[in-house]
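Note that this is a predicted model, so its numbers are computed, not measured. Here is how names work: the chains are called A, B, and so on, in the same order as the sequence lines, proteins then strands, and each is numbered from 1.
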Amino acid sequence: MGRVTTSQPRLLLIDGHSMAFRAFYALPAENFSTSGGQHTNAVYGFLSMLANILTEEKPDFVAVAFDVGRKTFRTEVFPEYKAQREAAPEEFRGQVELIREVLETLGITTLSRDNFEADDIVATLSTQAGADYETFLVTGDRDYLQLVDDSTTVLYPMRGVSKLHRFTPEAVEEKYGLSPEQYPDFAALRGDPSDNLPSVPKVGEKTATKWIAQYGSLDGLIEHAEEIKGVAGQNFRDRIEQVKLNRQLTQMVTDMDLEVGPADLGFKVAVSSEVAARFDELEFGTNLRERVLNAVPHDAAAEAAAAEEAPDVSVTVVDTPLAEWLEDKEHVAVFVQGDGTPGAGDAAALALVDSSFEGLQIELADLDAADDAALAAWLESDAPKYLHEAKAAWHMLSGRGIELQGIAHDTALAAYLLRPGQRTYALTDVYQRHLQKSLGAATEQLSLLDDNQLVEQAGAIMELAAELTSQLQEIDSFELYTDLELPLVSILARMEAAGIAVDRDVLETQRDAFIEQVNEQERAARELAGDDSLNLNSPKQLQAVLFETFDMPKTKKTKTGYSTAAKEIEQLAATHPHPFLDHLLAHREYQKMKTTLEGLIKTIQPDGRIHTTFNQTVTSTGRLSSTEPNLQNIPVRTEAGRQIRSAFVVGEGYETLITADYSQIEMRVMAHLSADPGLIEAYREGEDLHNYVGSKVFDVPVDEVTPELRRRVKAMSYGLVYGLSAYGLSQQLGIPAREAKEIMESYFERFGGVKRYLDEVVVQARKDGYTSTVFGRRRYLPELNSDNRVARENAERAALNAPIQGTAADIIKVAMIRVDKALEGMASRVLLQVHDELVVEVAPGETEKVQSILEREMDKAIELTVPLEVSVGEGKNWDAAAH
DNA sequence: CGTGTAACGTA
DNA sequence: CGTACGTTACACGA
């Protein structure tokens, strides 16, 4: 609007490093980083700026130039050139490479050349463009002002990167009192601390401007050097050679031999799915992605234009009677709306869409008896149904007395297997992620519902089912999906619906006891601190008491001060005993127990049972997670903790609880994956693993492995599964780093297969971009190739752990399916899964049978090179059933 | 009121 | 400077 359009093509040249750096300092690094620790603030800021400029300037040709390293022809002439610059901050590392990758994905040319700076590339291209192009140079480096002319404008960031100042010849003149050609003369004379170019004493910006203006150029000034009076004049005469060198360095190279010219810098058409994948990797939202994508030519542009007229999902709503419509449908996408709370769900409305995208939308309250019965019968039949988050739908329908069967697709699960570790798998997000189309979320309130809103959701599920199926097949994960994750959906739904019985009285009695204890510890601690309103839960207040009132030695630093974690307090108590510390630690434990108990009591439903939700799409490794409440972290290690466990009891009509767990499953998976002969032998011989490993590592007979040695070996064995370092081991064991290193070396010497495996896993993952479990479950770890050391090492440890933890997760999922099948026809039922443990509620008379089913089916879940070991316990409550 | 951090429970 | 989670409470900024 308002811009004079010329017939000339528009050329945009960006100094990539310069602008990345500006972006880096414009946005706080700590607010932009991926879950793996790679900072992305410069990437984000750069792309945001790029989107703005592209939209504003609408260039026909674009290139972004980058420096290659520090060494250039300039440093050869003048080794001090830019030598004072410190290494870029750690947080900046890797971001330039990420920017280049995104630019390439966007179809924008990037250029760099050994021995030259980005300046020279830009200067050469802009010179080649001459008057034939309207050229825009984007940079935070004022040396570029020498390139400004009638057809070349420099866009220079003023504050942050959002406001760009336009330097035309007039603007340069106005700001510096010099012409663009005079600018490099001025810069050479003034010197430049940022490039480490020396200045002339007594000659600053003012004098430099005056002299250059007076004599027209540096050459003119040098010719008349003898005329200049005063100390400044003498200083200049003394340093003419340095100034000449400055001028030489400031001069940009305008005649590089580049393999491309301005006309070669057109956009390549960006593939929006690839752009989406890049942005997902960087964990950027869809907002920036849309802005950037819309600023460049891309494949979905045509679709998007069409989409403005027609909705993305195109479904025909019909008014065929329900029962008739359902006849001989092969597959149907189902979208259910309602409340998916386990044990308390309800369905309000649903939509059905068939494979020809013909659909119905039904409010359940409106159905007549015949249709109601037909619908229920169909939902409970084996007829294949495609859903998104089928477990929630199961609970909704369960509220209407319908037990959903025939779950043939769950597009949330499919999306999870394709891209684990995403923050959300909501239908609209998955739709956007995998089909690059947008879908409005359905209104939750029934009264506000459009006539076809639910049908659109079901249509999206139908579309996604086809797309995700082929994507899963491409990565050989379709069987994992159909044979493992999908069958688990209804098993988990039934577990959640069953819930686990608790003894409310026991929980409340325990809670009251802990309240007493908490109050007592709090009173004592407040008295000692001399502050009767001290909040022991406030790290801030605690720091004040510990390090100011009591003046104790400082603990480990945290972001907000000094740590008040139990571990640190314990250390403090060991070196500086103080009753306040004892009360504090006691308070911590009781307080934790108290809140755990209060949380649990709140979640008891009217049936006297707690119904957790198992999430199947949360973890990046393949484990389940448990929420509302989390029943996978109920205390067990302390006596007080076991008391809480004892409140989880066998329900009415049932006889007992059985728990069955895999012993050392991750170590066994490690033995299998590493194929280490030593570990395999230990398990095959049925040795106590840690004693066996201890005897090898410390070179003593098995029966001479002391408890202390065993403890160290155990810590190390488990640590290795997590990517433990020698330093970490020394910290955990409280031994010198040297000693820890020796133990690890000795371990790797005796168990070379483990060492080889762990190294290999990272190498392979770096090459592939992902790790795989025995069952083919992938975890993508792009940050293995990050330049950011912290991010990269985090990813390496994740790569070590993912195949092991993930395979163990796969195994127990297989076991759950087998156990569920074996329990068919019996009244006993699985209630909980805690990663390597199943909790079963046993009906009268079925104890022995259930026990043998668990032992058999869990054992047969997979055949590894080492045996699995399942241990089973039985009792009236969860604690008593432990073993 | 929502968001981030510290702390701490589990496998 | 050991992986994977969820919940609680506090502190802070909109």
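- Taking atom OH of residue A:Y416 and atom P of nucleotide C:dA4, one finds them 12 Å apart after rounding to whole Å.
- Salt-bridge check for A:K592 with A:E589: failed, with every basic side-chain N at 4.0 Å or more from each acidic carboxylate O.
- One interatomic measurement links the two molecules: CG of A:N794 to C1' of C:dT3, which rounds to 11 Å at whole-angstrom precision.
- A salt bridge links A:R623 with A:E666: the closest approach of a Lys/Arg side-chain nitrogen to an acidic carboxylate oxygen falls below 4.0 angstrom.
- Counting any heavy atom pair closer than 4.0 Å across all strands shown, A:E628 reaches sugar-phosphate atoms only and no base atom.
- Among the atoms of the strands shown, only primed sugar atoms or phosphate atoms (P, OP1, OP2) are found under 4.0 Å from some heavy atom of A:S626.
- Scanning atom types as modelled, no donor and acceptor separated by under 3.5 angstrom connect the side chain of A:N630 and the base of C:dG6.
- Residues A:R609 and A:E841 are paired through a salt bridge, judged by an N-O separation under 4.0 Å between the basic side chain and the carboxylate.
- For the OP1/OP2 pair of C:dG2 and a distance below 4.0 Å, the side-chain nitrogens and oxygens of A:S725 include at least one atom meeting the criterion.
- Phosphate proximity of C:dA4 to A:T621: absent, as no side-chain N or O sits under 4.0 Å from OP1 or OP2.
- To the nearest angstrom, P of C:dT3 lies 14 Å from CG of A:L729.
- Minimum heavy-atom separation, A:R818 to A:A861: CD-CA, 3.9 Å.
- Residue A:T619 has no polar side-chain atom (N or O) positioned under 4.0 Å from OP1 or OP2 of C:dT3.
- Residue contacts shown for A:G728 are limited to sugar-phosphate atoms, with no base heavy atom under 4.0 Å away.
- Smallest separation of non-hydrogen atoms from A:L838 and A:M858: CD1-SD, 4.2 Å.
- When rounded to the nearest whole Å, the span between CG of A:L536 and C1' of B:dA6 equals 15 Å.
- Within 4.0 Å of A:V721, counting heavy atoms only, lies no atom of the nucleic acid at all.
- Counting non-hydrogen atoms under 4.0 angstrom, A:T596 reaches nothing in the nucleic acid.
- Tested against A:W878 for a side-chain contact (heavy atoms from CB on, under 4.5 Å), the candidates A:I634, A:V649, A:L831, A:I644 yield a single pass: A:I634.
- Taking side-chain N and O atoms only, A:N535 has a distance below 4.0 Å to OP1 or OP2 of C:dC10.
- With hydrogens and angles left out, the side chain of A:Q732 and the base of C:dG2 share a donor-acceptor pair within 3.5 Å.
- Side chains of A:T613 and A:N615: a donor-acceptor N/O pair is absent below 3.5 angstrom, by distance only.
- Put simply, A:R637 has a side-chain N or O that comes within less than 4.0 Å of OP1 or OP2 on B:dT10.
- Looking at the side chain of A:T595, the nearest of the listed nucleotides C:dT8, C:dG6, C:dG2 is C:dT8.
- To the nearest angstrom, P of C:dG2 lies 10 Å from CE of A:M744.
- Of the residues in residues 587-594 of chain A, A:R588, A:K592 come within less than 4.0 Å of DNA chain B through at least one heavy atom, sorted by number.
- The side chain of A:T564 lies closest to B:dA7 when the candidates are C:dG2, B:dG9, B:dA7.
- Shown are A:D410, A:V618, A:T619; of these, the side-chain contact (heavy atoms from CB on, under 4.5 Å) with A:Y416 is made only by A:T619.
- Nucleotide B:dT10 holds its P atom 13 Å from the OH atom of A:Y722, rounded to whole Å.
- Map A:R779 and A:Y727 each onto its nearest nucleotide of DNA chain C; the residue landing nearer the 5' end is A:Y727.
- The phosphate of C:dC5 has neither OP1 nor OP2 within less than 4.0 Å of any side-chain N or O from A:R623.
- Distance, A:L624 CG to B:dT10 P: 19 Å, rounded to whole Å.
- The side chain of A:S538 lies closest to C:dA11, out of C:dA11, C:dG2, B:dA11.
- At B:dA7, one or more side-chain N or O atoms of A:S563 fall inside 4.0 Å of OP1 or OP2 (strictly under the cut-off).
- C:dG2 atom P lies 12 Å from atom CG of A:L733, rounded to whole Å.
- Heavy atoms from other residues, nucleotides or ligands lying under 6.0 Å from CD of A:Q605 number more than 12.
- Within the nucleic acid shown, A:A566 comes within 4.0 Å of sugar-phosphate atoms alone, with no base atom in reach, counting heavy atoms only.
- Ranking C:dG2, B:dA11, C:dT3 by closeness to the A:V636 side chain, first place goes to B:dA11.
- Across all strands, A:I634 comes closer than 4.0 Å only to sugar-phosphate atoms, never to a base (heavy-atom distances).
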